[in-house]
Each structure stands twice: as C-alpha cells, then as structure tokens.
Number of protein chains: 2
Amino acid sequence: MDQRRNSAPGSAPGGGDSGETGFNDIGLPRSGGVGNQLRKIVTLSRDFERHVGAALAVNPTDLSAMEHLMVAGSLTPSELSRRLDISTAATTLVVDRLVTLGHVQRHPHASDRRKVVVVPAVASVARAVEALMPVIGGVAALTQELSPEDRAVIEAFLTQVVEIYEVALAPDEALDAGGQPAA
Amino acid sequence: MDQRRNSAPGSAPGGGDSGETGFNDIGLPRSGGVGNQLRKIVTLSRDFERHVGAALAVNPTDLSAMEHLMVAGSLTPSELSRRLDISTAATTLVVDRLVTLGHVQRHPHASDRRKVVVVPAVASVARAVEALMPVIGGVAALTQELSPEDRAVIEAFLTQVVEIYEVALAPDEALDAGGQPAA
DNA sequence: CAAACATAGCTAGGATGCTTAGCAATAAGG
DNA sequence: CCTTATTGCTAAGCATCCTAGCTATGTTTG
C-alpha cells in the first residue's frame, strides 16, 4: 500500500513559517496565525486521507471513489469517472481494485443493459465510517458547541476564504483580481 | 500536463451534503455550514494547487518541491526527499524535470563533495509567487481586516480543528479517542 | 421500420511517476 | 589506516493513469 506524503507549503494560505505579519523574503505576505492554521488544516486533511486509505488498504484515488460511492449510495462507472475527473478506463481499473478488495460490487443496471452499477459493500462502508469518524465526528461536536455569535463569525470568515479561492480559480477574474478579492 | 482532480467528499469534515445537523444515512454526523465550508476549502485548496501547477507547467509533486525550495531557499536532494516523503531516486527525477524546465538549478555543495544543492531560479520563484498571490494575498488581507475579537474566535476554532486532526492521526490516541477530542 | 448516431464500459498498449536494489564517490569514526 | 555511513544517481520493475478502439446497447432520424 503506497501512501505518499506530498505537503505543499505554499499553495495553501500561510505564506511562510513566521507568525508575524508583513512580507517574507520571497515576497509572499504572511497571514499570521489564521493563515498558518488554514494551511495546516489543508496539510492535515491530506495526511488524514492517507491515514484512512492505509486503514482501508486503498490508494488515494480508490479512497476518493469509495467516499463518492458512500455519499451517493451507488454510481455507474461513468458517473464515478466524472466525479473523480479521470477517464472511464481508469475508473474501470479503480473499480476492479475495489471489487478485488471487497469494498464494492458490480451489479447490472436495472433498466439499461449497457450500464453497470457500482455499489459499496455494507461492511466496507461501516469500516470507512469508523475510520472517518474521529475527524468528522470531532468537527461536528466542535461546531455544535459554538455559540451563535461565534458560529456566525467563523462562517462569515470561511465563506470569504472560499470566495478568495473561487475568485482565484475563475478563468478571467483570476487575472484581473491579482490580489484584490471581491471581499 | 496531467492535472488530476480527486476530490474526496468524506475525508474532510462535512460528512454529507445537507446543511442540517444530525446524522446522515450512512452514519456520519453532519457539521452544518462550518464543516461543509472546511471541506470545501480543502477541496478548493487542492484545485488551486493544480491550477498553479498548470500555470507553471509542473505536476503536483514537482510543484510541492518548488514550494519547499522557495521557502527554504535551497535544499539538498536528501532534504527535499524527506520533506516530500518520497525516495531519493524519485527526488532525482523530480529535480531532473524541474531543471529541464528551468525552475531550479543544481550546484555543487560548498563543503561536501557528495552533495548537490538544488536552488530555485529567480524567475521561477517570481512566477510562482505571482501564481500563489491571489489566495495567499487574499487571505492575508482578510485576516488583517479582522477585529481582535473575531480573530481570537477564529484562531481558537481553527486550533481545535487542528487538534482534532492531530489526535486522529496520533498512533495510539486515535484508537482511544474514538470521537472524543481533547477539546 | 431500418439506418445512423450516441452511449457505456471494457481491453490493450503506451506514458508517467513512483519504488527497490545497487553502485561509485565521499565523509565520518575508531 | 580501515571500516562504516552517507549521498545521489542509474537501472529495472511496478502502479496508475492515458488514448485508441471495440462490442453491445440505446436513442434519434427519415
């Protein structure tokens, strides 16, 4: 089971190692504690994903596929390939591997004989839920305990962070924005 | 240039599609808006990374290497392989590719003739900074505008999220914690 | 109705990026 | 000095993806 660490120090906010504000020596602004924390969460999320994958003996793509299947209940290979943004040929191999490990089964489609339906195995879903629970459960509990005021502050902030990313990823605005977000 | 999308709907907090609280149909708790936003940030961060990689004509591993080099100023292949958590042989190939594209150069080490020093090219750093700036600059600006009270709320929250991940990733505690974080 | 077109998912061969094993050169330790 | 350890590279092999192509099936058109 190959689990590769690949933490990028720069593509998530943070911009450097220091907790101060201003600019670091390569010209990136420092976000202080908040930016560093966001960056750390991104890195830890990736680590956790690999941790869960190791527990279920699957590679990152296969784990992602399992998670999509769990959420959707079942999917055809074409639907899965669209969600994973990989070719249908690669999806066939993903499903092959997952079938071999007993994580999913292929069933004929109810009304279209060209199609296959990929269904997660009940035991596999239970194992995946158990592996995911520490983080998802932890964050759910944490957010339950927030006061309405605190929740509003955090949600407003995170909404703006999402907006920054979306602007940065938009085809034309990204070039024009250049550092001035819509917020 | 191969940029693979691989968004996992389950390994970051969120636990499902609905904004309500409670449990979804596969047993994962719902975190409401905050959990979904965190999940979205994780996904968008990955998308942004691929976006930046495309702009610089590098794959995810090579981009991560570039970012480590930018932050550190320069690194030996062994140091780089440790940070990337890949073998030194793979690191050699990463550096080969980056050298070919003009993103880095190899120099002899100043005092140890076994060693090589990998140095990012100035023009490459400038291009990378430019590509990263929309998000890093945006988040830096956003956090500058926070009131001290709001900042404290957000930092406390994010600290706890980080803690949840770290507990989940710790070798022995993760099994014992089981959903009761240290917070 | 039949023909043309579209869709589904799989197979085969190839490309890419990683691994392990091994090596020559060099550095460190006794 | 000799032994051990470190460095980073080469070569072969493996895992996972891609494109091209195919058969079976479903939909649209005349």
Side-chain angles (χ1 to χ4, degrees), chain A residues 1-8 49-50 53-54 56-66 68-69 74-101 103-119, chain B residues 1-8 46 49-50 53-54 57-66 68-69 74-101 103-119:
Chain A
M1 185 31 51
D2 185 10
Q3 299 291 342
R4 198 50 50 233
R5 146 167 295 210
N6 210 351
S7 53
E49 186 175 300
R50 285 169 45 242
L56 301 174
V58 295
N59 70 37
T61 307
D62 294 0
L63 176 60
S64 181
M66 287 173 66
H68 281 287
L69 289 166
S74 68
L75 293 165
T76 66
S78 292
E79 288 165 340
L80 191 52
S81 82
R82 277 191 291 271
R83 294 188 187 207
L84 296 172
D85 198 11
I86 60 175
S87 66
T88 56
T91 303
T92 295
L93 299 173
V94 166
V95 175
D96 285 347
R97 292 194 293 266
L98 292 177
V99 164
T100 296
L101 290 171
H103 285 306
V104 306
Q105 290 126 20
R106 280 187 175 96
H107 295 310
H109 193 270
S111 54
D112 185 337
R113 296 209 289 186
R114 296 170 302 182
K115 292 184 179 178
V116 169
V117 177
V118 182
V119 182
Chain B
M1 183 36 45
D2 186 11
Q3 300 290 341
R4 197 52 49 236
R5 145 169 296 210
N6 211 351
S7 52
R46 189 174 293 138
E49 186 175 300
R50 285 168 48 240
V58 294
N59 70 37
T61 306
D62 295 359
L63 176 61
S64 181
M66 286 173 68
H68 281 289
L69 289 165
S74 67
L75 292 165
T76 66
S78 292
E79 288 166 339
L80 190 52
S81 80
R82 278 191 290 271
R83 295 189 187 204
L84 296 172
D85 198 12
I86 60 176
S87 66
T88 54
T91 303
T92 295
L93 299 172
V94 166
V95 175
D96 285 348
R97 292 193 295 267
L98 293 177
V99 165
T100 296
L101 290 170
H103 286 305
V104 305
Q105 290 126 20
R106 281 187 175 96
H107 295 309
H109 193 271
S111 53
D112 184 338
R113 295 209 289 186
R114 297 170 301 178
K115 293 186 178 177
V116 169
V117 177
V118 183
V119 182

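Residue numbers begin at 1 in each chain, while the letters A, B, ... track the order of the sequences.
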Across the strands shown, which category fits Ala90(A) at heavy-atom distances under 4.0 angstrom: base, sugar-phosphate, nothing? sugar-phosphate
Quick one: side-chain contact (heavy atoms from CB on, under 4.5 Å) partners of Ser81(A), sequence neighbours excluded? Thr88(A), Thr91(A)
So if I take every side-chain heavy atom of Ser87(A) and compare against dT19(D), dC10(C), dC18(C), which nucleotide ends up nearest? dT19(D)
Nearest whole Å is fine: how far is dG8(D) C1' from Leu80(B) CG? 12 Å
Relative to the 5' end of DNA chain D, which residue comes earlier, Ala89(A) or Arg113(A), by the nucleotide with the nearest heavy atom? Ala89(A)
Here the distance between atom P of dT16(D) and atom CG of Asp62(A), to the nearest Å, is 7 Å
Between C1' of dG17(C) and CD1 of Ile86(B), the distance in whole Å: 9 Å
Among dG9(C), dG17(C), dT16(D), the nucleotide that comes nearest once only the side chain of Arg97(A) is considered: dT16(D)
dist Leu98(B):CG -> Leu93(B):CG (nearest 0.5 Å) comes out at 11.0 Å
Nearest-Å distance for atom pair CG/P, residues Leu93(A) and dT16(D): 9 Å
In whole Å, I'd like the distance from the CG atom of Leu101(B) to the P atom of dT16(C). 13 Å
The criterion is side-chain contact (heavy atoms from CB on, under 4.5 Å); which residues satisfy it with Thr92(A), sequence neighbours excluded? Asp96(A), Arg106(A)
Reckon Thr88(A) has a side-chain N or O less than 4.0 Å from the OP1 or OP2 of dC10(C)? no
By salt bridge (charged side-chain N to carboxylate O under 4.0 Å, His left out), Arg114(A) pairs with (sequence neighbours left out) Asp112(A)
Distance in Å, His103(A) NE2 paired with Leu69(A) CG, rounded so as to fall on 0.5 Å steps: 11.5 Å
Thr91(B) side-chain N/O to dG8(D) phosphate OP1/OP2 under 4.0 Å: no
If you round to the nearest 0.5 Å, how far is NE2 of His68(B) from CZ of Arg83(B)? 7.0 Å
Each nucleotide N or O in nucleotides 2-7 of chain D that has a protein N or O under 3.5 Å away: list the pair and distance.
from, atom 1, to, atom 2, distance (Å)
dT6(D), O2, Arg114(B), NH1, 3.1

Phosphate OP1/OP2 of dG17(C): any Asn59(B) side-chain N/O under 4.0 Å: yes
Could you check whether Val94(A) gets within reach of a base, just the sugar-phosphate, or nothing at all, counting any heavy atom under 4.0 Å? sugar-phosphate
Does a nitrogen or oxygen in the side chain of Arg106(A) sit under 4.0 Å from OP1 or OP2 of dG9(C)? no
A side-chain contact here means heavy atoms from C-beta on lying under 4.5 Å apart; do Asp85(A) and Arg50(B) qualify? yes
